[in-house]
Structure formats: C-alpha cells, structure tokens
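The figures that follow rest on heavy atoms only: side chains count, while hydrogens, waters and symmetry mates do not.
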Amino acid sequence: MRHIWSSRIPRWSPQDTTLATAVSTVQIAVAGTAWLITTTIARDDHGIAQPVLGWLCLLVASPLVLPVAGLLYAVLLPLPVAAIAPWAARRARGPEWGWRALLTAVFAAVHALPWAWLGAGYPVAWAWIAAGAVPPMLAVDRARRRTEPVRRVWRWTAAATALLVPATVALLALATKAGVLKEYEPPELTAAELAGEWAGPGDARLSLGADGRAAFADVPAAADDSLCDGAGRWSLDTSGHRDEILLGTGDCGGEIAWLIGGTEKRPELSVFLGDPDAGDLVILTRQGGDG
C-alpha cells in the first residue's frame with residue numbers, strides 16, 4: 001500500500017525543502033534589495049526624507065522574515081515542479097525538462113496574478129517568478145545525486161546573502177553613476193506651462209492664472225492640515241534643489257510651497273504636511289491635458 005501511495009503522489013524530502021528554501025532565501029534577499037533601490041531612485045520622493053528608522057527595522061527583521069519568505073516561495077513553485085515533473089514524465093511520457101518548463105510556466109502564471117493586482121506588470125512578474133524557480137530546482141537536483149546529506153546549508157545561505165546583497169548595492173550604485181540606471185528627475189516647467197487648472201483628493205482645486213493670480217478651494221493653507229478656500233497670488237521659484245511654486249493664501253495662513261513633480265506630460269504639484277514620519281502627502285494633478 002505504501003508503494004502504491006508513493007507512486008501516485010509526488011513528494012519531496014526534508015532535505016529538498018531545506019535546500020530550496022535556502023536558495024530561495026538568497027534570491028529574495030538579492031531581488032528585494034534590487035527592487036527597493038531601483039524603485040526608490042526611479043520615483044519621486046516628493047521632498048520627503050527617507051525613513052531611516054524603517055530601513056533599520058527592515059534590516060533587523062530580515063533574518064527572520066527572509067527564511068519564511070523563502071520557504072513560502074519554495075513550497076509554492078520549485079518544490080511542486082521538481083516533484084511533479086518526474087512523475088508526469090513517467091505517466092504521460094515526454095522529457096522531464098519539458099514538463100519542468102511547462103509546469104514552471106503554469107505555476108508562475110498563477111502566482112503572478114496577485115502581484116499584477118497589486119500593480120506590478122503581469123509579464124514582468126511572471127518572468128521573475130518563473131526564473132526564480134530555476135536555481136532552487138538545480139540545487140535540489142544536485143543534492144539528490146549526492147550520496148551524503150548536504151550540511152551547513154544555512155551557514156552557506158548567510159554567507160551568500162552577506163556577500164551578494166552588498167554586491168548588488170554596489171553594482172546598482174555604479175549603474176546609477178554611469179547613467180545606466182536613471183534617477184528620477186522632476187520636469188522643468190515654465191510659469192506659462194504651470195498656469196491652468198489643478199485638482200487633488202476630494203474637492204481640492206487650484207487655479208493658477210498666467211497673470212500670477214490664484215484661486216483655490218479645499219487646499220492646504222499652511223504647514224498643517226487645515227484647508228482653505230480663497231484667492232491669492234503665486235510665483236515660480238527655481239532657486240532651490242527642486243523647482244516649486246509659492247502660493248500665497250492670504251488670510252488663510254500665508255505662503256505655502258508646492259513641489260513640481262510628475263513628468264512633463266503628466267505634471268504634479270505636491271506638498272507634505274504634518275509630522276515627517278506620519279504626515280500627509282497632498283498631490284494635485286494637471287487638468288485638461290498637457291501643460
């Protein structure tokens with residue numbers, strides 16, 4: 001009975017699980033580092049300082065979080081594929097590598113759905129998830145050909161992570177310096193291009209006139225969360241690190257600076273209010289086409 005059961009249900013051993021988890025852990029650490037850096041430098045920070053405390057917390061928690069993520073990935077993709085492919089090749093014929101490729105593509109297609117729902121591009125998510133299954137499966141295959149158990153797996157995992165993560169940071173820094181990886185650059189717009197109608201969350205509206213006059217409704221009036229309706233004047237300030245418009249709100253609270261961001265085709269005005277660690281970011285977008 002045991003022989004019949006094992007011939008019908010593909011399984012993997014504890015050593016397979018350990019190896020696939022270890023390799024997946026290293027991959028997630030490297031891929032996560034690359035993703036965080038590339039997304040950080042490629043997006044508009046809206047003048048908000050980077051959360052150093054958050055980065056430190058992430059670094060401290062990573063030794064606990066990464067193995068769990070590695071285990072989750074291993075049991076969702078490379079381990080089932082490595083177990084099912086030989087069984088499928090025996091039952092339905094065909095080369096095992098072909099079944100592995102097919103099963104990896106199918107599993108990755110399913111697992112990429114939630115990432116696409118969260119905003120990642122579906123083809124990119126599918127490609128990353130499918131490619132990530134290859135190293136764990138190769139590690140499992142190599143271990144199965146060995147006669148003795150693989151030892152000190154987690155020591156090698158820690159060493160590889162400690163080596164590859166800083167190497168990834170250094171490589172991306174060099175790519176950024178060489179111009180291969182582009183940092184975010186806000187658009188340089190003239191006062192004439194900024195003039196027009198802007199809208200934000202809720203009923204927030206801002207009208208910038210070509211003559212320097214401004215009218216606004218439900219927009220922040222000062223460096224707090226109070227909103228204001230009224231009229232004032234605005235001007236373009238290019239003297240700082242980032243171009244911004246200075247909006248005079250008159251009796252509502254004086255002058256407030258809005259950073260110019262977005263892109264030339266889709267410009268934005270933004271202001272960050274409140275506490276640096278828990279404030280609110282207000283973004284206005286251009287209405288009625290390009291500026």
Side-chain angles (χ1 to χ4, degrees), residues 20-81 101-137 161 164-165 168-169 171-172 175-176 181-186 199-202 204 259 261-263 265-268 270 272 274 276-285:
T21 300
V23 175
S24 298
T25 298
V26 177
Q27 289 189 139
I28 292 173
V30 174
T33 300
W35 178 81
L36 284 174
I37 293 176
T38 53
T39 54
T40 298
I41 68 174
R43 69 186 179 190
D44 188 358
D45 61 9
H46 300 287
I48 305 172
Q50 294 298 319
V52 178
L53 182 59
W55 289 101
L56 289 176
C57 292
L58 182 62
L59 181 63
V60 172
S62 59
L64 298 175
V65 175
L66 287 174
V68 175
L71 175 62
L72 181 63
Y73 177 80
V75 300
L76 287 177
L77 206 160
L79 285 175
V81 170
L102 176 61
L103 291 170
T104 298
V106 172
F107 274 64
V110 174
H111 297 323
L113 290 173
W115 293 102
W117 181 77
L118 290 173
Y122 183 81
V124 174
W126 175 85
W128 275 97
I129 293 173
V134 176
M137 284 191 287
T161 304
L164 292 177
V165 169
T168 301
V169 174
L171 181 62
L172 292 176
T176 303
L181 190 61
K182 301 294 184 181
E183 294 184 85
Y184 171 77
E185 294 183 359
L259 282 180
T263 64
K265 291 185 177 181
R266 297 181 181 274
E268 297 176 347
S270 66
F272 187 74
D277 296 323
D280 294 321
L281 177 65
V282 179
I283 299 177
L284 304 179
T285 56

Any idea which heavy atoms bring [X] and [Y] closest together, and the distance?
| X | Y | value |
| --- | --- | --- |
| Pro135 | Gln27 | CG-OE1, 2.9 Å |
| Met137 | Pro78 | CG-O, 3.6 Å |
| Ala112 | Tyr122 | CB-CE1, 3.7 Å |
| Leu172 | Ala34 | CD1-CA, 3.7 Å |

Note to self: Could you work out, with side chain to side chain donor-acceptor pair (under 3.5 Å) as the rule, every residue matching Thr285, not counting sequence neighbours?
What the structure shows: Gln287
Next item on the list: Could you pull out all residues at least two apart from Ser62 that satisfy side chain to side chain donor-acceptor pair (under 3.5 Å)?
Entry: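 Partners of Ser62 by the side chain to side chain donor-acceptor pair (under 3.5 Å) criterion come out as none, since no residue qualifies.
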Checklist line | Sub-4.5 Å side-chain heavy-atom contact between Val282 and Pro201 | finding: yes
Nearest 0.5 angstrom please: [X] [atom1] to [Y] [atom2], how far?
| X | Y | atom1 | atom2 | result |
| --- | --- | --- | --- | --- |
| Phe272 | Ile283 | CZ | CD1 | 11.0 Å |
| Leu259 | Glu268 | CG | CD | 11.0 Å |
| Leu113 | Trp126 | CG | CH2 | 13.0 Å |

Notebook entry, point to check: Quick one: which of Val81, Thr25, Val23, Leu77 gives a side-chain contact (heavy atoms from CB on, under 4.5 Å) with Pro136?
Noted result: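 Result: among Val81, Thr25, Val23, Leu77, Val23 is the only option passing the side-chain contact (heavy atoms from CB on, under 4.5 Å) with Pro136.
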Next item on the list: Identify the residue among Asp45, Asp44, Thr263 that makes a side-chain contact (heavy atoms from CB on, under 4.5 Å) with Tyr184.
Entry: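 The single option meeting the side-chain contact (heavy atoms from CB on, under 4.5 Å) with Tyr184 is Asp44.
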Contacts of [X] that satisfy side chain to side chain contact (heavy atoms under 4.5 Å, CB included) - sequence neighbours left out:
| X | value |
| --- | --- |
| Ala175 | Val180, Leu181 |
| Pro63 | none |
| Leu36 | Trp55, Leu58 |

Taking only distance into account, with no hydrogens and no angle test, what donor-acceptor pairs under 3.5 Å do side-chain atoms of residues 65-76 form with protein atoms, sequence neighbours excluded?
{"residue": "Tyr73", "atom": "OH", "partner": "Ile129", "partner atom": "O", "Å": "2.7"}
{"residue": "Tyr73", "atom": "OH", "partner": "Gly132", "partner atom": "O", "Å": "3.4"}
{"residue": "Tyr73", "atom": "OH", "partner": "Ala133", "partner atom": "N", "Å": "2.8"}

